[in-house]
Amino acid sequence: MAATSWQKYGGLGWWYKEVFQALTFVSSLSFHKMTNRELRNSLLDLLALELKPAGFVLNKAQAEFTNRLKDGWEKFQLIFLTRSEGWEINSGVLLRRNLVEEIYHKASYFEAKYHKTTPTIGIALENFYNDGNSYRLTLASETDILPSFHRLLYLFNNVAIPFFGKYSSLEELDKEVNIEIRKSIFSGPKYEGNLGIILAKLVDNPHYSKLEEKYRNYYKKLSNGFYLPEYEGVIEVLKNV
């Protein structure tokens, strides 16, 4: 991405960009204080310029950047939380594999209109690392835009892209979701059962039968068995996979 900007501006892309941004911000300060929506959109527009060469296209309404693939998609998502002054930004990553979701939705509780939108896995960066450090950002004034932009660009390049690369294969997803030596980083009613058993089937996990019973017991106890019929439906679908 850096090379693209470098070439576009004859080798001084970064310098022209920084100067342009600085002048824009000074000009805006001279007339009015930016609203929360203007702060949000300015940050998203800056990120969109940098992420688009990598294939990630901005959906401004959802504040997410999507890279569409032939077998699904990858998303770098920003959640803007309203605070007393400005925004608190929580970033996350989501990944969809169409084959997994198509199997799941043959038995899922989701309405049909949502079947094309569900991620296979997703996690906030703060939960992905879970190292006690804060991965949230504050966007309360014009002076927060550039620092937030640089921090989010760093997280995209150094966390999101490696994340998508690591979990691009069903085998890697199966290893993490069905891991036995610790609790998986992907947890919740969908992950701890339906997703796990689908992945186990697709990669011929040798512990499939054990996992099937493990997840059946999990759903029996969860929410008074509310999700158990959905799980049993997934098991039936998998018999023909």
Side-chain angles (χ1 to χ4, degrees), residues 1-2 36 39-40 42-44 46-48 50-51 54-56 58-59 62-67 69 72-97 100 118-141 143-196 199-200 203 205 207 211 214-215 218 222:
M1 288 183 289
N36 281 355
L39 291 171
R40 172 189 182 275
S42 294
L43 176 59
L44 290 174
L46 286 177
L47 286 168
E50 291 294 327
L51 272 56
F56 287 78
L58 171 64
N59 179 327
Q62 299 297 324
E64 59 188 24
F65 300 83
T66 304
N67 180 27
L69 310 169
W73 44 250
E74 303 163 338
K75 288 186 180 184
F76 182 56
Q77 184 181 67
L78 305 182
I79 299 175
F80 287 80
L81 304 168
T82 304
R83 295 295 180 251
S84 57
E85 292 187 7
W87 303 101
E88 180 178 74
I89 305 171
N90 191 17
S91 54
V93 285
L94 304 97
L95 182 150
R96 176 186 172 95
R97 288 295 171 262
V100 174
T118 56
T120 301
I121 58 171
I123 191 169
L125 296 189
E126 61 184 5
N127 295 332
F128 179 59
Y129 276 112
N130 196 26
D131 57 5
N133 294 320
S134 175
Y135 290 87
R136 301 194 178 201
L137 304 173
T138 297
L139 181 62
S141 70
T143 58
D144 295 325
I145 295 178
L146 278 180
S148 296
F149 162 72
H150 288 301
R151 177 59 174 165
L152 288 169
L153 188 58
Y154 173 86
L155 292 174
F156 173 78
N157 286 322
N158 294 279
V159 182
I161 292 299
F163 176 92
F164 296 138
K166 179 176 182 179
Y167 295 112
S168 62
S169 73
L170 296 180
E171 288 76 14
E172 283 299 320
L173 285 173
D174 174 66
K175 288 179 184 178
E176 179 56 45
V177 173
N178 290 318
I179 194 167
E180 295 185 3
I181 60 174
R182 59 168 170 77
K183 187 176 181 64
S184 172
I185 60 173
F186 305 115
S187 60
K190 177 184 177 183
Y191 300 138
E192 298 181 55
N194 291 319
L195 176 59
L199 290 170
V203 303
N205 188 313
H207 304 295
L211 289 167
K214 171 188 173 181
Y215 293 138
Y218 167 74
L222 180 67

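- Atom CG of L222 and atom OH of Y215 lie 13.5 Å apart (nearest 0.5 Å).
- A distance-only check finds no donor-acceptor pair linking the side chain of N194 to the backbone of K190 [under 3.5 Å].
- Scanning for side-chain contact (heavy atoms from CB on, under 4.5 Å) contacts around R136 gives L81, R83, E88, N90, E126, S134, with sequence neighbours left out.
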### Task
Take V100 and L170 through the side-chain contact (heavy atoms from CB on, under 4.5 Å) test and state the conclusion after the steps.
CA-CA 9 Å; V100 174; L170 296 180; 3.8 Å; yes
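- Counting all heavy atoms, side chain and backbone alike, Y191 lies closest to G122 at OH-N, 3.0 Å.
- Of the options L155, V159, I161, I123, a side-chain contact (heavy atoms from CB on, under 4.5 Å) to V93 is made by I123 and by none of the others.
- In this structure F56 satisfies the ring pair (Phe, Tyr, Trp, His ring centres under 6.0 Å) test together with F156, F164, sequence neighbours excluded.
- In this structure, the ring pair (Phe, Tyr, Trp, His ring centres under 6.0 Å) partners of F163, at least two apart in sequence or on a different chain, are F128, Y167.
- For S184, the side chain to side chain donor-acceptor pair (under 3.5 Å) criterion is met by E176, not counting sequence neighbours.
- One distance of note links NZ of K75 with CG of N67; it measures 11.5 Å at 0.5 Å rounding.
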### Message
The test is side-chain contact (heavy atoms from CB on, under 4.5 Å); show your working for N178 and H207 and say whether it passes.
### Response
CA-CA 9 Å; N178 290 318; H207 304 295; over 6 Å; no
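- Annotation: side-chain contact (heavy atoms from CB on, under 4.5 Å) contacts of V177 (sequence neighbours excluded): F186, L195, L199.
- Within the structure, salt bridge (Lys or Arg N to Asp or Glu O under 4.0 Å) contacts touching residues 153-172 (residues at least two apart or in different chains) are E172-K175.
- The structure places CG of L39 at 9.5 Å from CD1 of I89, a figure rounded to the nearest 0.5 Å.
- One finds the CD1 atom of I145 at 13.0 Å from the CG atom of L137 (value rounded to the nearest 0.5 Å).
- Residues meeting the side-chain contact (heavy atoms from CB on, under 4.5 Å) test with N130, sequence neighbours left out: none.
- For Y135, the side chain to side chain donor-acceptor pair (under 3.5 Å) partners two or more places apart in sequence, or in a different chain, are D131.
- Using a 4.5 Å heavy-atom cutoff, the side chains of W73 and L94 are in contact.
- Partners of D144 according to the side chain to side chain donor-acceptor pair (under 3.5 Å) rule, which considers only residues two or more places apart in sequence or in another chain, do not exist here.
- Separation of atoms CD (Q62) and CD1 (I79) is listed at 10.5 Å; rounding is to 0.5 Å.
- Considering every non-hydrogen atom in both L47 and F65, the closest pair reads CB-CZ, 3.6 Å.
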### Message
One pair to check against side-chain contact (heavy atoms from CB on, under 4.5 Å): T138 and W87. What are the steps and the verdict?
### Response
CA-CA 6 Å; T138 297; W87 303 101; over 6 Å; no
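- Here the side chains of N36 and L139 are not in contact, with every heavy-atom distance at 4.5 Å or above.
- Partners of S168 according to the side chain to side chain donor-acceptor pair (under 3.5 Å) rule, which considers only residues two or more places apart in sequence or in another chain, do not exist here.
- By the ring pair (Phe, Tyr, Trp, His ring centres under 6.0 Å) test, Y218 pairs with no residue at all, sequence neighbours left out.
- Checked against side-chain contact (heavy atoms from CB on, under 4.5 Å), S187 has the following partners two or more places apart in sequence or in another chain: K183, E192.
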### Task
Could you walk me through whether L46 and H150 pass the side-chain contact (heavy atoms from CB on, under 4.5 Å) test, one step at a time?
CA-CA 10 Å; L46 286 177; H150 288 301; over 6 Å; no
